[in-house]
Q: 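Here it is, the structure in full.
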Amino acid sequence: GVLASSNSTLIKKARKSLSIWNINSFGEFFLQIIGKYRKDYALACSQIIGERERFKILLEKTGSFKVYPSQANYFLCKLTMPITARALAKTLLADHNIFIKDLTGKKGIDGTSWVRIAVRNGSDNDRFISTINTIKGTIE
């Protein structure tokens, strides 16, 4: 919520009663316990970094995507095969139970060839690659 007032006394009282970070209780609790999980978090980040690099190489090898570099757990990709992002997303979900984000119509995205693909674990990513290669073979 938002509080706006010219009453400085009211603003001071409101600030004193807010949580330290002015976030929800789940987020505040997490900040209190994060220290206990620092090593696990670092390991998970390291694993995602390694899998992200491996997956990027595999995505590029399919010849189906222009993959843009990422520091996140997903990639922005432009399709290079003759199918729209919407058609690919529908096919993957309906026929293979795989979800990708169709970016058609999103602000700052031109055209119908852009998708966002999540970096998951190795077996999920390998399954995605296999599925893309199968789909690619049926549309070219």
Q: To the nearest 0.5 Å, tell me how far Phe75 CZ sits from Lys66 NZ.
A: 12.5 Å
Q: Using the ring-ring contact (aromatic ring centres under 6.0 Å, His included) criterion, which residues pair with Tyr37? Sequence neighbours excluded.
A: none
Q: Less than 4.0 Å between a side-chain N and a carboxylate O, is that true for Arg54 and Asp126?
A: yes
Q: Evaluate the criterion side chain to side chain contact (heavy atoms under 4.5 Å, CB included) for residue pair Ile109 and Thr104; output intermediate values, then yes/no.
A: CA-CA 7 Å; Ile109 301 292; Thr104 304; over 6 Å; no
Q: Between Arg86 and Asp102, is there a donor-acceptor pair closer than 3.5 Å when you use the side chain of the first and the backbone of the second?
A: no
Q: Please report the interatomic distance CD1(Ile11) to OG(Ser8), rounded to the nearest 0.5 Å.
A: 8.5 Å
Q: Tell me if the CG atom of Asn97 is crowded by more than 12 foreign heavy atoms within 6.0 Å.
A: no
Q: Donor-acceptor check, side chain of Ser46 to backbone of Ala42, threshold 3.5 angstrom: yes or no?
A: no
Q: Hey, does the side chain of Arg116 reach the backbone of Leu103 with a donor-acceptor pair shorter than 3.5 angstrom?
A: no
Q: Return the minimal non-hydrogen interatomic distance between Cys77 and Ile117, and the atom names on each side.
A: SG-CD1, 3.8 Å
Q: If you take all heavy atoms of Asn125 and Ala118, which pair is closest and at what distance?
A: OD1-O, 4.0 Å
Q: Are Phe128 and Leu58 packed together at the side-chain level, in the sense that at least one heavy-atom pair is separated by less than 4.5 angstrom?
A: no
Q: Ignoring hydrogens, what is the shortest heavy-atom contact between Phe65 and Val115? Give both atom names and the distance.
A: CE2-CG2, 4.3 Å
Q: Roughly how far, to the nearest 0.5 Å, is the CG atom of Leu43 from the CD1 atom of Ile48?
A: 11.0 Å
Q: Does OH belonging to Tyr41 count more than 12 external heavy atoms closer than 6.0 Å?
A: no
Q: If every non-hydrogen atom of Ile132 is compared with every non-hydrogen atom of Ser64, which pair is closest and at what distance?
A: CG2-OG, 3.6 Å
Q: If every non-hydrogen atom of Leu10 is compared with every non-hydrogen atom of Ser5, which pair is closest and at what distance?
A: CD2-OG, 3.8 Å
